[in-house]
Structures are given as C-alpha cells and as structure tokens.
Amino acid sequence: MKLYDSHAHLNEDTFTDAERTEFIEKIQVGIDSGLLSYVNDIGYDLKSSELAAKHAALYPWCYAAVGCHPHDADNFSDEQLAKIEELAKQEKVVAIGEIGLDYHYDNSDREAQKYWFRRQIQLANRLHMPIVIHEREAAEDCMNILKEEGAFSAERKAFFPKRRGPVREDGSCEMLDDARVLLHCFSGSAELGRQYVKLGATLSIAGPITYKNARKTVEVAEQIPPEFLLVETDSPYLTPVPFRGQKNHPVNVQYTAEKVAEIKGMEPSELAEITCKNAKIFFNVQG
Ligand code: NI
C-alpha cells in the first residue's frame, strides 16, 4: 500500500525524547517498507507548530500544519499568531491547523475558541492555504464560522485548482470547486458530510471507524465518494482496532484504510492510492 497519514502528532508534547525518536524511526521503517508514503505532523499550539515545521524540514516524507487548537485558545495571542504566520511561509508547511471548536472538553473559553478560529481562517485565506479543522460537539457553530469567514467563498475557491468528482459510467467526471478545507477525524453524520462536500470540503476518516459503535462514520464511508476522503491516525491518539488501548502510530493508518475499503467494497491498495492522491492534491505535495 502507499498510504498518506494526513494527521499525526510527531510533535506530541507528552513524548519523551526517546519516545519521539522511536515514533519517528518506526515511521521511517513504514516508509522504507512501502506501507507509508507521507505523514503530516499537525501543530496545535506555537511550540508544537514549530516542532512540526522542523520535522517537515528534516524528513522528506513529512509535511506540517501550523496553528492553535481550540484547547489552547485561552493561551493564544497576537504575538503567537504572527509567529504562526512566519512558520506558515516555510517550505513544506502546507496547511493552517489544527484549528476549530471543541465544546466537548471546553478546555478553553468558547468565546476565545471562536475568536482564534476566525482569526486563523482569515490567516489561511490571506496566505491561500488549506485548513485542517478539529470540531467536537460544535457542528453548527463550526460550519457557520467557516461560512462567515469565507472558507467556502468563491474568492477562496478561485485560488485552488478544481477537483475531479466521482467518475461516471461513461468514464467522464465533473470538475468541482475545491475549498481546501479538511474536517479531520470526521465524526458527523453522512448528511453533514454531504453538506460539507457540497461546499467544497474534504473529510478525513480516523481509527474510530474500526470501533463497534462507529455506525455514523460507517455511513459516511458508505455514502461519501472516495474522491472526497482522506485517511489519518491522529496518532498517538485514536488507536484503531486491533491495537485499541495502545499508543497509536502512523503505520496503523492501514487498519483505517482497510476498514474504509471493506465498507466500499474496494481493494485496500486502491483505497490507499485514491486517498494518497487526494491528500497530495489537498496539501499541494509534489513528487
Ligand atoms: Ni490531532
């Protein structure tokens, strides 16, 4: 398989140096064996964004996103945002993220979450960069803010090449607007997924699709065409079956890809190829 793990945390701040080294070495083994092609290191505050950018500069298979997670909104500032903007301009920093809203944990004040979410969408628009969204129990506010801040505006979409829709019976396909907005670890309904795809967004499926209670996400995988899907681990979190309970790792993205392929009645290698291609286009990764 040739998998693109669209969302991982090599930058995880609970890692010891030894754990981080081991985590990265194990990715290298996955790359060398041909299982993995690329792994994104996703920032969630200034420090983790700096580390993600550093990893992207160090490893050919690594690309970075930079931004402030809603959990860290209370501690974010204009000075830090300016530093995120500088990082975003580095080569191989390919997206602003993960940004969004989390009303499940409410680790930061909701007004602060919304404020920095808006400011970072504005940054992504100004820099013409893809956006990686984290949303939990905040579906309505998340979509409204994305719309209000122009994440799906004609102006933003005009900057990105159109994307190929599903192939029709006669082999043709429609060319569709691409807003380069990614809903990471999408956990909403198939209906919400369809609304997002219609707006030009992309959905990323993570390990929870392998869990017994994953009915909603299984429906998403059934109903959303593969052209609009990516796969990810969110490692070291969200470990898929059969390793649930252990620390997650990018090599485990294969279990999520296999599950999505099984649901769609496709070969895992075919699903891997399509989602890898989608991710390369989404993050503008060459080669
Ligand atoms: Ni994450």
Side-chain angles (χ1 to χ4, degrees), residues 3-15 19-20 23-24 27 36 38-56 62-73 75-76 84 87-88 93-108 113 116-117 120-121 124 129-139 142 146 180-188 201-211 217 229-240 243-244 246-253 255-257 275 279 282-283:
L3 287 156
Y4 194 134
D5 182 357
S6 75
H7 193 116
H9 297 287
L10 289 69
N11 54 5
E12 169 64 28
D13 66 358
T14 62
F15 281 161
E19 281 173 331
R20 195 180 324 280
F23 191 88
I24 291 169
I27 296 175
L36 290 170
Y38 301 96
V39 177
N40 283 350
D41 195 6
I42 309 290
Y44 49 88
D45 61 6
L46 179 57
K47 202 176 142 214
S48 63
S49 296
E50 285 169 345
L51 199 48
K54 189 181 131 189
H55 289 147
C62 185
Y63 288 79
V66 295
C68 177
H69 192 286
H71 285 345
D72 296 281
N75 303 314
F76 207 55
I84 292 287
L87 288 173
V93 174
V94 292
I96 299 298
E98 55 187 297
I99 64 173
L101 301 172
D102 192 316
Y103 296 171
H104 177 76
Y105 287 107
D106 274 329
N107 284 355
S108 281
Q113 291 188 36
W116 289 114
F117 185 29
Q120 292 181 97
I121 298 166
M129 286 179 80
I131 303 173
V132 179
I133 305 289
H134 170 104
E135 179 270 307
R136 196 150 175 209
E137 292 177 23
C142 182
L146 282 166
R180 300 279 171 104
V181 171
L182 182 66
L183 278 298
H184 130 71
C185 187
F186 186 70
S187 58
T202 301
L203 312 180
S204 183
I205 306 289
I209 194 167
T210 64
Y211 302 169
T217 312
L229 298 179
L230 306 187
V231 288
E232 64 166 287
T233 57
D234 201 17
S235 50
Y237 304 102
L238 303 181
T239 311
F243 296 113
R244 198 173 180 186
Q246 299 176 26
K247 263 188 192 165
N248 200 5
H249 188 275
V251 294
N252 293 334
V253 72
Y255 299 102
T256 297
T275 52
F282 186 94
F283 295 109

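These values consider heavy atoms only, across backbone and side chains, with no hydrogens, waters or symmetry-generated copies. Remember, it's 1-based here, ligands and their atoms both numbered in the order they're listed.
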Mind counting the protein N, O or S atoms sitting less than 2.8 Å from the Ni ion (ligand 1)? 4
Exercise: do His7 and Asn40 side chains pair donor with acceptor under 3.5 Å: no
Got a sec, which residues hit salt bridge (Lys or Arg N to Asp or Glu O under 4.0 Å) with Asp106, two or more places apart in sequence or on another chain? Arg110
When you check the side-chain N and O atoms of Glu232 and Ser204, is any donor under 3.5 Å from an acceptor? yes
To check you understand the geometry: which heavy-atom pair defines the closest contact between His134 and Pro70, and what is its length? CD2-CG, 3.9 Å
Residues in ring pair (Phe, Tyr, Trp, His ring centres under 6.0 Å) with Tyr44, at least two apart? His9
Kindly write out the residues that satisfy salt bridge (Lys or Arg N to Asp or Glu O under 4.0 Å) with Glu19, not counting sequence neighbours, or none if the list is empty. Lys247
